[in-house]
Amino acid sequence: MEAEHPPPAAGQLVVVGGGIAGVTCAEQLAIHFPSEDILLITASPVIKAVTNFKQVSKVLEEFDVEEQPSTLLENRFPNIKVIESGVKQLKSEEHCVLTEDGNQHLYKKLCLCAGAKPKLICEGNPYVLGIRDTDSAQEFQKQLTKAKRIMIIGNGGIALELVYEIEGCEVIWVIKDKAIGNTFFDAGAAEFLTSKLIAEKSEAKIAQKRTRYTTEGRKKEAQTKGSAGNIGSALGPDWHEGLNLKGTKEFSHKIHIETMCEVKKIYLQEEFRISKKKSLTFPRDHHNQSVTADKEIWPVYVELTNGKIYGCDFIVSATGVTPNTGPFLCGNNFDVGEDGGLKVNDHMHTSLPDIYAAGDICTASWEPSPVWQQMRLWTQARQMGWYAAKCMAAASVGESVDMDFSFELFAHVTKFFNFKVVLLGKYNAQGLGSDHELILRCTKGQEYVKAVLQNGRMMGAVLIGETDLEETFENLILNQMNLSAYGEDLLDPNIDIEDYFD
Ligand SMILES: Cc1cc2nc3c(=O)[nH]c(=O)nc-3n(C[C@H](O)[C@H](O)[C@H](O)COP(=O)(O)OP(=O)(O)OC[C@H]3O[C@@H](n4cnc5c(N)ncnc54)[C@H](O)[C@@H]3O)c2cc1C
Ligand SMILES: NC(=O)C1=CN([C@@H]2O[C@H](COP(=O)(O)OP(=O)(O)OC[C@H]3O[C@@H](n4cnc5c(N)ncnc54)[C@H](O)[C@@H]3O)[C@@H](O)[C@H]2O)C=CC1
């Protein structure tokens, strides 16, 4: 996958995308090449900036994210020039990108960081919403203020955050799996969290130390510009903080979970009336298998594969993302991953000469460390953007760099249901087969700790609550120490395991 031809002398260093991956990459290039102009081309009127970056431990990091006008980036880095226009075509053989404003830009090295877009269960249906950027989140909020009942499809990050945050609106949550949060948790952790969800949300929110998301620096005009079909960059940590996610009713949580099923068919109001099918009322408690016919008339109805039909005001499709590769694939023979991303090697290089990719758009195709996997996350977008710039700089002077340390161990810190959640390594024993052991410690409503061991070595962990174990566990996974002798003591709260291992 290395470059086959020497780069042409003409052209600039060009980065496409104003999200975390693109901005981080452009900033690093600006630092590596202070006397060169770096071109950042982005379809969105605002860029994403990482602020207050803090390395919490060897691999865990926390930072705030701000949406800023691109002029702030240009002021910080006078050798970065931002062009607000979408790339409509890439001519890789000519080393050139064409933008919607009619210009073309020659590059000597290019990094594609165009992110991803929601993979909706049904394209083009006005009652099916996806959430990706500030504009789609605001559209969702607007619809919610008029809603009595909504349906959420999907069981990943967005669904988990929404079901906890939405108030005053009935939520029917449809998941393919047995337990909630399949992309982040196993059934045990899901049960721990479900009890919090089912209980009324009465406690005051505790301010958690975690990544913050602000739009303070957003330009006024930018707020209206995005709705004209522009692709904005992805939201991220605490994106819902500034949004009032309240429906029309006065209750807090009202969630019904339909497990192990999918959407079979979506009917618009008139279509449903003609079909003569019957929809169900909202089940009264979470065990309730209500068979009462619903008298209300809804704008949209959803038939599930378990045969049940519910009416609702609208549907949120929180069903993952697809990389934004559209404008780049036409006429260019990229290797593309199964998930639709541009395949990159261990130097973030795509299969085409002088083209790198980072963040949600790419598919990591190197042989990964046994305890790392790609997930389309904010932190990985930053790490990849940073490392891609380093690789581009090294390649420019004919050198090579070692893989960055951040790809040694998967580490993600976030917050679900107001609990701090730390995921390390193969936290769900992904790819370990049946040959692994789990050690658990759980205090209802307080903490859930799970360590994944294989051949006596720690391979991953889930830490929910204020466990204070992340640094010790991170070290245990990285140093692969044989822990067989410790057995269950490893999680015994009366034993300070830091004393053992630090
Ligand atoms: C609601 C939501 C909540 C999330 N919460 C978290 C979280 O808590 N923690 C976490 O780690 N991650 C979270 N994520 C994921 C995280 O936001 C993404 O993984 C990350 O932002 C990806 O960054 P990126 O730079 O690769 O892409 P993006 O942020 O999508 O940026 C892509 C950029 O490319 C531009 N672009 C697209 N097409 C073109 C084109 N043709 N020409 C020019 N420019 C183009 C866009 O305008 C944009 O500026 C969340 C995502 C969503 C949607
Ligand atoms: N706190 C965090 O770390 C958060 C991270 N994110 C990230 O943002 C991105 C987008 O989030 P999500 O859309 O939640 O994606 P996701 O990848 O986290 O989850 C997608 C979910 O949809 C389900 N699904 C897929 N197709 C389906 C179908 N046809 N019918 C029913 N279910 C289906 C999957 O089983 C999975 O549960 C992800 O990369 C995610 O990791 C999002 C929110 C919070």
Side-chain angles (χ1 to χ4, degrees), residues 15-25 40-48 61-63 65 67 70 82-90 97-100 112-122 130-134 136-137 140 152-162 174-177 180-184 210-213 226 230-240 243 261-264 304-305 316-328 339 341 357-362 374-382 384-385 412-416 421 423:
V15 180
V16 176
I20 285 302
V23 172
T24 309
C25 181
L40 178 70
I41 305 177
T42 179
S44 54
V46 284
I47 55 102
K48 290 278 159 73
E61 50 189 51
E62 280 182 342
F63 50 85
V65 173
E67 276 193 355
S70 52
V82 182
I83 292 183
E84 263 180 38
S85 184
V87 170
K88 60 176 184 188
Q89 202 189 343
L90 163 67
V97 288
L98 272 55
T99 42
E100 269 153 8
L112 297 176
C113 308
K117 57 175 175 294
K119 190 170 63 190
L120 300 183
I121 45 159
C122 169
I131 298 177
R132 177 72 186 174
D133 49 19
T134 314
S136 54
F140 162 71
I152 298 178
I153 318 286
N155 198 11
I158 294 183
L160 271 175
E161 295 198 330
L162 282 183
V174 177
I175 62 177
K176 288 201 283 191
D177 324 276
I180 65 165
N182 75 321
T183 53
F184 294 99
R210 66 158 284 175
T211 313
R212 205 161 47 88
Y213 180 79
N230 281 343
I231 324 154
S233 46
L235 295 159
D238 284 353
W239 60 277
H240 41 70
L243 295 174
C261 66
E262 288 179 55
V263 172
K264 188 171 167 197
L304 303 176
T305 46
V316 179
S317 179
T319 38
V321 297
T322 318
N324 272 328
T325 52
F328 314 109
D339 58 7
D360 279 10
I361 194 176
C362 78
Q374 181 180 13
M375 270 180 88
R376 292 193 161 83
L377 293 169
W378 200 281
T379 27
Q380 291 197 355
R382 196 201 67 79
M384 287 177 170
H412 184 49
V413 54
T414 183
K415 190 172 77 174
F416 286 120
V421 174
L423 305 170

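Remember, it's 1-based here, ligands and their atoms both numbered in the order they're listed.
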Looking only at heavy atoms, is any part of P118 under 4.0 Å from ligand 1, and if so is it the side chain, the backbone, or both, or is it neither? neither
Smallest separation among heavy atoms of V174 and C261, with atom names: CG1-O, 3.6 Å
Give the atom numbers and elements of ligand 1 that come within less than 4.0 Å of a heavy atom of I158. 1 (C), 53 (C)
Given D339, I158, V263, which has its nearest heavy atom closest to atom 42 (C) of ligand 2? I158
Quick one, P118 and I131 - any side-chain contact, counting heavy atoms below 4.5 Å? no
So the atoms of ligand 1 within less than 4.0 Å of a heavy atom of L377 turn out to be 10 (C), 11 (O), 12 (N), 19 (O)
Check: N155 and T183 side chains under 4.5 Å, non-hydrogen atoms: no
Polar proximity ligand 1 side, P327 side, N/O cut 3.5 Å exclusive: no
Can you check which of G156, G181, A116 brings a heavy atom nearest to atom 16 (P) of ligand 2? G156
Any donor-acceptor N/O pair, N324 side chain to A114 backbone, under 3.5 Å: yes
Could you see which bit of A114 sits under 4.0 Å from ligand 1, with heavy atoms only: side chain, backbone, both or neither? both
Residue-level breakdown please: for L160 versus ligand 2, do any non-hydrogen atoms fall below 4.0 Å on the side chain, on the backbone, on both, or on neither? neither
Taking only heavy atoms of T379, which atoms of ligand 1 are found under 4.0 Å from at least one of them? 11 (O)
Identify the two heavy atoms, one from I20 and one from K48, that lie closest to each other, and give their separation to 0.1 Å. CD1-CB, 3.7 Å
Nitrogen or oxygen atoms of R132 and ligand 2 under 3.5 Å apart: no
For side-chain contact (heavy atoms from CB on, under 4.5 Å), just list the numbers for V321 and R132, CA-CA rounded to whole Å, side-chain angles, deciding distance to a tenth of an Å, and then say yes or no. CA-CA 9 Å; V321 297; R132 177 72 186 174; 3.6 Å; yes
How many angstroms lie between atom NZ of K117 and atom CG of D133, to the nearest 0.5 angstrom? 12.5 Å
Can you find a pair of side-chain heavy atoms, one from L162 and one from V316, that are under 4.5 Å apart? yes
Under 4.0 Å to a heavy atom of R132 - the qualifying atoms of ligand 1, by number: 27 (O), 28 (P), 30 (O), 53 (C)
Sub-4.0 Å atoms of ligand 2 with respect to non-hydrogen atoms of L377: 3 (O), 5 (C), 41 (O)
Where on A21 is there a heavy atom closer than 4.0 Å to ligand 1, on the side chain, on the backbone, on both, or on neither? both
For S85 and ligand 1, does the shortest N/O to N/O distance drop below 3.5 Å? no
Do D177 and ligand 2 have an N or O pair less than 3.5 Å apart? no
Kindly identify the option in A159, A381, G320 whose heavy atom sits closest to atom 13 (O) of ligand 2. G320
Is a donor on one side and an acceptor on the other found under 3.5 Å between the side chain of Q380 and the backbone of M375? yes
Taking the non-hydrogen atoms of H412, is any one of them nearer than 4.0 angstrom to ligand 1? yes
Proximal candidate to atom 45 (C) of ligand 1 [heavy atom criterion; set G22, G115, G18, A43]: A43
Looking at side-chain heavy atoms only, is the closest gap between E61 and T379 below 4.5 Å? yes
Test of proximity, K119 against ligand 2: N or O pairs below 3.5 Å: no
Please identify which atoms of ligand 2 are closer than 4.0 Å to at least one heavy atom of I121. 29 (N)
With a cut-off of 4.0 Å, which atoms of ligand 1 are near a heavy atom of G86? 42 (N), 43 (C)
Ligand 2 and F184, any nitrogen or oxygen pair closer than 3.5 angstrom? no
Would you say H412 touches ligand 2, if touching means a heavy atom closer than 4.0 Å? yes
Separation between SG of C362 and CD of Q374, rounded to the nearest 0.5 Å: 5.0 Å
With heavy atoms only and a cut-off of under 4.0 Å, state how E161 meets ligand 2: side chain, backbone, both or neither. side chain
S70 side chain to I47 backbone, donor-acceptor under 3.5 Å: no
Contact with ligand 2 for K176, non-hydrogen, under 4.0 angstrom: yes
Counting only heavy atoms closer than 4.0 Å, does ligand 2 sit against the backbone of T319, its side chain, both, or neither? both
Evaluate side-chain contact (heavy atoms from CB on, under 4.5 Å) for N182 paired with I175, printing each intermediate quantity in order. CA-CA 9 Å; N182 75 321; I175 62 177; over 6 Å; no
Any donor-acceptor N/O pair, E100 side chain to A43 backbone, under 3.5 Å: no
Spell out, as yes or no, whether a donor-acceptor pair under 3.5 Å connects the side chain of T414 to the backbone of V421. no
Quick check: does N155 get an N/O under 3.5 Å from an N/O on ligand 2? yes
Heavy-atom closest pair (V82 atom, T42 atom, distance to 0.1 Å) is CG1-CG2, 4.1 Å
Just to be sure I read this right, does ligand 1 sit under 4.0 Å from the backbone of V23, its side chain, both, or neither, counting only heavy atoms? neither
Ligand 1 to G359, heavy atom cutoff 4.0 Å, flagged ligand atoms 26 (O)
Show the atoms of ligand 1 that are less than 4.0 angstrom away from any heavy atom in R376. 15 (C), 19 (O)
Compute the shortest N/O to N/O distance between D360 and ligand 1 and return yes if it is under 3.5 Å, no if not. yes
Does ligand 2 have an atom that lies less than 4.0 angstrom from a heavy atom of W378? no
Of all residues at least two apart in sequence or in a different chain, which pass the ring-ring contact (aromatic ring centres under 6.0 Å, His included) check with F184? F416
Near G157 (heavy-atom distance under 4.0 Å), the atoms of ligand 2 are 14 (O), 18 (O), 42 (C), 43 (C), 44 (C)
A318 heavy atoms within 4.0 Å reach ligand 2 at atoms 13 (O), 14 (O), 20 (C), 21 (C), 22 (O)
Atoms of ligand 1 under 4.0 Å from any heavy atom of A381, numbered from 1 in the order shown, are 22 (C), 23 (O)
Is it the side chain (CB and beyond), the backbone, both or neither of V321 that lies under 4.0 Å from ligand 2, heavy atoms counted? side chain
Under 3.5 Å: N/O of I131 near N/O of ligand 1: no
So, for T99 and S85, which heavy atoms are closest and what is the spacing to 0.1 Å? CB-OG, 3.6 Å
Restricting to salt bridge (charged side-chain N to carboxylate O under 4.0 Å, His left out), what partner residues turn up for D339, sequence neighbours left out? R376
Under 4.0 Å, heavy-atom basis, I'd like to know which part of Q380 is in contact with ligand 1: side chain, backbone, both or neither. neither
Which value, rounded to the nearest 0.5 Å, describes the distance between L120 atom CG and I153 atom CD1? 11.5 Å
All heavy atoms of A21 vs all of G359, minimum pair found to be CB-CA, 3.8 Å
